[in-house]
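I have placed the structure first, in the form of C-alpha cells, so that the comments after it can refer back to it.
For this chain, numbers begin at 1 and follow the sequence in order.
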Amino acid sequence: MAEANPIRPLSVGQVPTWHHEADVVVAGYGIAGVSAAIEAARAGADVLVLERTSGWGGAAALAGGFIYLGGGTPLQKTLGFEDSPENMKAFMMAALGPGADEEKITDYCNGSVEHYQWLVDNGVPFKESFYGQPGWETPFDDGLMYSGGENAAPFNTVATPAPRGHVPQMTGKRTGEKGGGFMLMKPLVETAEKLGVRHEYDMRVQRLIMDGDRVVGIVAKQYGKEIAVRARTGVVLATGSFAYNKEMVQAFAPRLMGKPGASIEEHDGKAIQMAQAIGADLAHMDATEVAFFGDPQLMVRGILVNARGQRYVNEDTYPGRIGQETLLRNDNQAYLVIGEAAYEEGSAADSSTPFFRFQPKWVAETVEELESDMGLPEGTLVSTVEVYNRHAERGEDPVLGKKSEWCKPIGSPIAALDLRNFTAGFTLGGLRTTINSEVLHVSGEPIPGLFAAGRCTAGVCAGGYASGTSLGDGSFYGRRAGIAAAKG
C-alpha cells in the first residue's frame, strides 16, 4: 500500500487485506470522537475508534472543561439566569464572526438545552454554583461562568448577558495538565465502553480509502505497520486542529507562527489534508483563538496599552478577545499599566492563573516618568491615563465601555507590566460541514461516507471565540456525525 505521498487516497482495489472492520470508524478519541462513537453505537452500529496516542482524551482532557451551552439550561435557571435560544444566537453571531455560520449557530442554539441534558444523562457532573469573578477559568469547582465576554462591551449591548460556560465539577484541577475537561471525557468514554465501542490505540491515520466517490475506510500506521480499516457505513474524522502543522499555519494563519498553544502536538491537520486530497472544501482557515498570558484579576484593575501608549480593548472582557486584539490588531504589543494598590489587590484575589501574575518591569512615581522609562512617544501614555482617570472618577469608560465596577482612577506609585509577545493560540478553521456533520466537497455536495466534527472542522467560530465553543460544538456535532455515519 505504500506510496510516496501518504495523504493521497487509496482505491478499494489497492487494499490487499482489511485488518479491522466496523460499521462506523472514528478517527480520534477526544470530545468529538467519543460523542460520535456514543451516538453511532446507540443507533445500532458496530463502532471502532482509532486513536493516535496511547489513551483517550485528546486536547479535551487537558482543557479547562468549558462547554458553551445556553438558551435556558437547567443550570442557568437554577442559578437565576434567564436565557433563550434567540438571545444566545444574538451573542454568538456578534462575537464569533465575521462570517459566522448562521445556520449552524441557529441549530446549535436551538439544540443547546437538549445537549446539556444529554451530557448530564451520560454522567457529566455540573455543580449548582456560579463563579462571577474575572478569570480564564474558575479556580474552584463551580459549574457556571461567563466565558466569552457576554457581560462586557460591546456584547452586553447586543444581547442580554447570560453566562454559558458550563464546567464539569472536578476537584484537584491542574490547568493544562488535568483540567475540568477530564471530567467531561471520563464519563463519556465510560458510556462508550458500556455501549460496546471498540478502540485501537497508537493508530496514526494516513489516508482515506475510496470505492468510487465513496469513503469506505482509512489507512493508519500502528508501530510502523500500515493498517487498513474498513468502514461499512461511514468514517468520522475527529482528530483536532492544525495548530502544530507549521506548513499549514504558515499558509493559512501565519500570525500564529511559533505560537501554538492550548492544544496538543497531535493536532497536526492530518484529517484536513486527507479530506482535501479527495476534494473536501475548507472554511475560515485563518481564524484563530489567542490566549493572552495576563491574569484577569490584574488586567481589570489597570489599563492595557499598545506600543503607542493607547488603550485598545476593554480590560474586563473575555481574555481570549484581549489576546486576539493584541496579536491580530496590535502587533502583539501590550503593557499593563496599574497603580500599586490595585496591583496588590489583584494579586491577592483568587485566580486559576496565578502563574500569569508577573512583576512590573517599570515602576515610577508619575505617569510622565513611567512613559519615559517605557520608551513610549512623549505625551501618549500621559494623555491616555489622564482621559481614563477623568472618566473613571465617575465610574465611567466612554472610550471602551469597561464596566463601572472596574473603573477606578490609576493611582501612584504607578507601574507597567511588559506583556509584549505574551500570546499563543490554536486554529479554528477546517473542513466545511453541514449541520449533520457531512463533509462537503468543493462542489457543494456531501462526500458519501465521510463525516467530521471538532476542531478539524469549521464549527460555530468563524473569527471570534468564546471558551467552551470547541468542546461545545465538538460534542454537539460529534453526536450528529455518529448518527449520520451509522445511517451510511
Side-chain angles (χ1 to χ4, degrees), residues 31 59-85 87-92 94-96 105 108-109 111-113 115-117 119-120 124-152 155-156 159-170 173 175-176 179-185 262 289-292 296-297 300 316-324 350-353 426 428 459-461 464-476:
I31 186 59
L62 302 177
F66 282 117
I67 310 125
Y68 200 80
L69 300 167
T73 67
L75 187 62
Q76 285 180 313
K77 290 181 177 179
T78 296
L79 295 173
F81 295 100
E82 292 187 10
D83 198 11
S84 68
N87 189 54
M88 182 181 180
K89 175 184 173 180
F91 168 78
M92 292 182 74
L96 304 184
I105 286 177
Y108 183 78
C109 293
S112 187
V113 172
H115 189 52
Y116 171 87
Q117 194 58 53
L119 293 167
V120 171
V124 180
F126 295 100
K127 183 179 180 180
E128 294 180 351
S129 175
F130 171 68
Y131 183 74
Q133 288 295 308
W136 273 106
E137 304 166 8
T138 167
F140 310 115
D141 63 348
D142 306 285
L144 189 64
M145 184 177 168
Y146 283 103
S147 65
E150 299 87 348
N151 60 336
F155 306 119
N156 56 1
T160 302
R164 303 189 184 96
H166 290 63
V167 190
Q169 185 177 6
M170 179 178 169
K173 290 184 287 190
T175 300
F182 177 82
M183 278 308 297
L184 171 63
M185 285 298 302
E289 158 64 342
V290 183
F292 187 72
Q297 290 281 9
V300 296
D316 61 343
T317 191
Y318 169 54
R321 177 172 166 80
I322 293 175
Q324 288 184 325
D350 292 320
S351 174
S352 64
T353 53
F426 56 90
L428 300 174
V460 296
C461 297
Y465 192 74
S467 283
T469 48
S470 287
L471 297 182
D473 80 10
S475 54
F476 189 91

Taking the side chain as C-beta and beyond, is there a heavy-atom pair between [X] and [Y] under 4.5 Å?
X: Met183; Y: Val124; result: no
X: Gln117; Y: Pro74; result: yes
X: Lys127; Y: Phe140; result: no
X: Ile322; Y: Thr317; result: yes

Does Ser475 reach the main-chain N or O of Gly472 with its side chain, forming a donor-acceptor pair under 3.5 Å?
->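 Yes, the answer is positive, given that a donor and an acceptor are paired below the 3.5 Å cut-off.
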Any donor-acceptor pair under 3.5 Å from Gln76 side chain to Pro163 backbone |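 Indeed, once roles are kept as given, a pair shorter than 3.5 Å links the two residues.
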Just do the side chain to side chain contact (heavy atoms under 4.5 Å, CB included) check on Val460 and Met92 with the steps written out, would you?
-> CA-CA 8 Å; Val460 296; Met92 292 182 74; 3.9 Å; yes
State the [atom1]-[atom2] distance between [X] and [Y], to the nearest 0.5 angstrom.
X: Asn87; Y: Arg164; atom1: CG; atom2: CZ; value: 5.5 Å
X: Lys77; Y: Glu128; atom1: NZ; atom2: CD; value: 13.5 Å
X: Leu144; Y: Thr138; atom1: CG; atom2: OG1; value: 10.5 Å
X: Gln324; Y: Glu289; atom1: CD; atom2: CD; value: 5.5 Å
X: Phe126; Y: Leu119; atom1: CZ; atom2: CG; value: 5.0 Å
X: Leu184; Y: Ile67; atom1: CG; atom2: CD1; value: 4.5 Å

Evaluate side chain to side chain donor-acceptor pair (under 3.5 Å) for Ser470 paired with Tyr465, printing each intermediate quantity in order.
-> CA-CA 9 Å; Ser470 287; Tyr465 192 74; 2.7 Å; yes
Member of Tyr116, Phe81, Tyr131, Tyr146 meeting the ring-ring contact (aromatic ring centres under 6.0 Å, His included) criterion with His166 |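 Considering Tyr116, Phe81, Tyr131, Tyr146, a ring-ring contact (aromatic ring centres under 6.0 Å, His included) with His166 is found only for Tyr116.
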I need the minimum non-hydrogen distance between [X] and [Y], along with the two atoms involved.
X: Asp83; Y: Ala162; value: CG-CB, 3.8 Å
X: Val167; Y: Gly64; value: CG1-O, 3.8 Å
X: Leu428; Y: Cys461; value: CD1-CB, 4.0 Å
X: Ser112; Y: Gly70; value: OG-N, 2.7 Å
X: Ser467; Y: Tyr318; value: OG-OH, 2.8 Å
X: Asp141; Y: Gln169; value: OD2-NE2, 3.0 Å

Is there a side chain to side chain donor-acceptor pair (under 3.5 Å) between Tyr68 and Ser147 once you walk through the steps?
-> CA-CA 8 Å; Tyr68 200 80; Ser147 65; 5.7 Å; no
Residues Tyr108, Leu69; criterion side chain to side chain contact (heavy atoms under 4.5 Å, CB included); working and verdict | CA-CA 9 Å; Tyr108 183 78; Leu69 300 167; 4.2 Å; yes
